[in-house]
Amino acid sequence: CHRRSAGSSLSTRRALSAALKARSTSEKMPNWNTGMVTASTTRFRCTSPPSAARAVASQRYRVLFERHPLPMWVFDGDTMAFLSVNEAAQRTYGYSADEFSRMTLRDIRLPEDQPALDARPWTHDDDVQLVTRHVTKAGQLLDVQIRAQPVPFQGRDARLVLIENITGQRALEAQLRQSQKMEAIG
């Protein structure tokens, strides 16, 4: 926003009057659709309009989502369709963003795990944490721990999911149990 001299327009005079009143009565400064007017000792400044600030914040969060080191996606809670996937999910599962956009959660689950998916555990709790199995494009089986939160996304009832591949951890745990059994035997 550029600086305006006091009295150059009716809206500026109103802003000046409201700011002076707020300053003297310690009320909040007025917030118009054009921005926030704040007072200093002798001048006024306008900050970015709220819609511009939202656009900048949205872009920042989009970058955080895209570049997160763990796989993440947003899926439709009703259709189970992938709405958005990050780069780590594409690397981990071997599908491109375009391929994911034509898929649902069913496409990365084993047939025997479909009944658990049909139960839609995300509809019963806002914060879902569970361990399950996923299959990559190459057919590799992954043990994964997921955490899902409801999020509004493109006007849909969606869930934001963070996926942690625990396949290696599970293998180490199995080795440890086997080693403990061998030790117990003698």
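Nearest heavy atom pair, residue Ala89 against residue Met72, reads CB-O, 3.8 Å. Considering all non-hydrogen atoms of both residues, Asp143 and Arg133 come closest at OD1-CG, 3.5 Å. Shortest non-hydrogen contact noted between Thr167 and Asn165 is OG1-OD1, 2.6 Å. A pairwise comparison of heavy atoms in Ala97 and Val85 identifies CA-CG2, 4.1 Å as the closest pair. Shown here for Phe75 and Met80, the closest heavy-atom pair between the two residues is CD1-CA, 4.0 Å. Nearest heavy-atom pair across Val151 and Arg159 is CG2-C, 4.1 Å.
Residues Leu142 and Ile163 share a hydrophobic cluster, clusters being chains of Ile/Leu/Val/Met/Phe/Trp/Tyr side chains in contact below 4.5 Å. Ile108 and Leu160 are assigned to two separate hydrophobic clusters, defined by single-linkage of ILVMFWY side chains at heavy-atom distances under 4.5 Å. Linking Ile, Leu, Val, Met, Phe, Trp and Tyr whenever their side-chain heavy atoms come within less than 4.5 Å puts Val161 and Val128 in one cluster. There is a path of hydrophobic side-chain contacts, each under 4.5 Å, that joins Leu162 to Val74. Follow the hydrophobic side-chain contacts under 4.5 Å out from Tyr95 and you reach Leu117 in the same cluster.
Residue Leu83 holds its CG atom at 5.0 Å from CZ of Arg156, rounded to the nearest 0.5 Å. For the atom pair CG of Asp76 and CZ of Phe153, the computed distance is 10.5 Å after rounding to the nearest 0.5 Å. For the atom pair CD of Glu87 and CZ of Phe65, the computed distance is 10.0 Å after rounding to the nearest 0.5 Å. In this structure, the separation between OG on Ser84 and CZ on Arg62 is 3.5 Å, given to the nearest 0.5 Å. The structure places CD of Glu183 at 11.5 Å from CD of Gln178, a figure rounded to the nearest 0.5 Å.
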May I have the step-by-step check of side-chain hydrogen bond (donor to acceptor under 3.5 Å, both in side chains) for Thr132 and Arg109, ending in yes or no? CA-CA 9 Å; Thr132 189; Arg109 298 292 290 267; 2.8 Å; yes
Q) Could you walk me through whether Asp157 and Asp78 pass the side-chain contact (heavy atoms from CB on, under 4.5 Å) check? A) CA-CA 7 Å; Asp157 175 30; Asp78 297 324; 4.3 Å; yes
Test Glu99 against Ser96 for side-chain contact (heavy atoms from CB on, under 4.5 Å), laying out the working first. CA-CA 5 Å; Glu99 289 172 310; Ser96 69; 3.3 Å; yes
Might you work through the side-chain contact (heavy atoms from CB on, under 4.5 Å) test for Leu176 and Glu173, ending with a clear yes or no? CA-CA 5 Å; Leu176 178 61; Glu173 289 170 355; 5.6 Å; no
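Ring planes of Trp73 and Phe100: tilted class, angle from 30 to 60°.
The shortest side-chain heavy-atom distance between Ile146 and Gln129 does not fall under the 4.5 Å cut-off.
Here Asp113 does not pair with Arg106 in a salt bridge; the nearest charged N to carboxylate O distance is not below 4.0 Å. A salt bridge does not link Glu164 with Arg147: every distance from a Lys NZ or Arg NE/NH1/NH2 to an Asp or Glu carboxylate oxygen is 4.0 Å or more.
In this structure, Ser101 contributes its side chain and Asp98 its backbone to a donor-acceptor pair below 3.5 Å. For Gln59 (side chain) and Val56 (main-chain N/O), no donor-acceptor pair under 3.5 Å exists by modelled atom type. Checked by atom type and distance alone, the side chain of Asn86 pairs as donor or acceptor with a backbone atom of Leu70 at under 3.5 Å.
The side-chain contact (heavy atoms from CB on, under 4.5 Å) test with His134 is passed by exactly one of Leu141, Asp107, Val144, Thr92: Val144.
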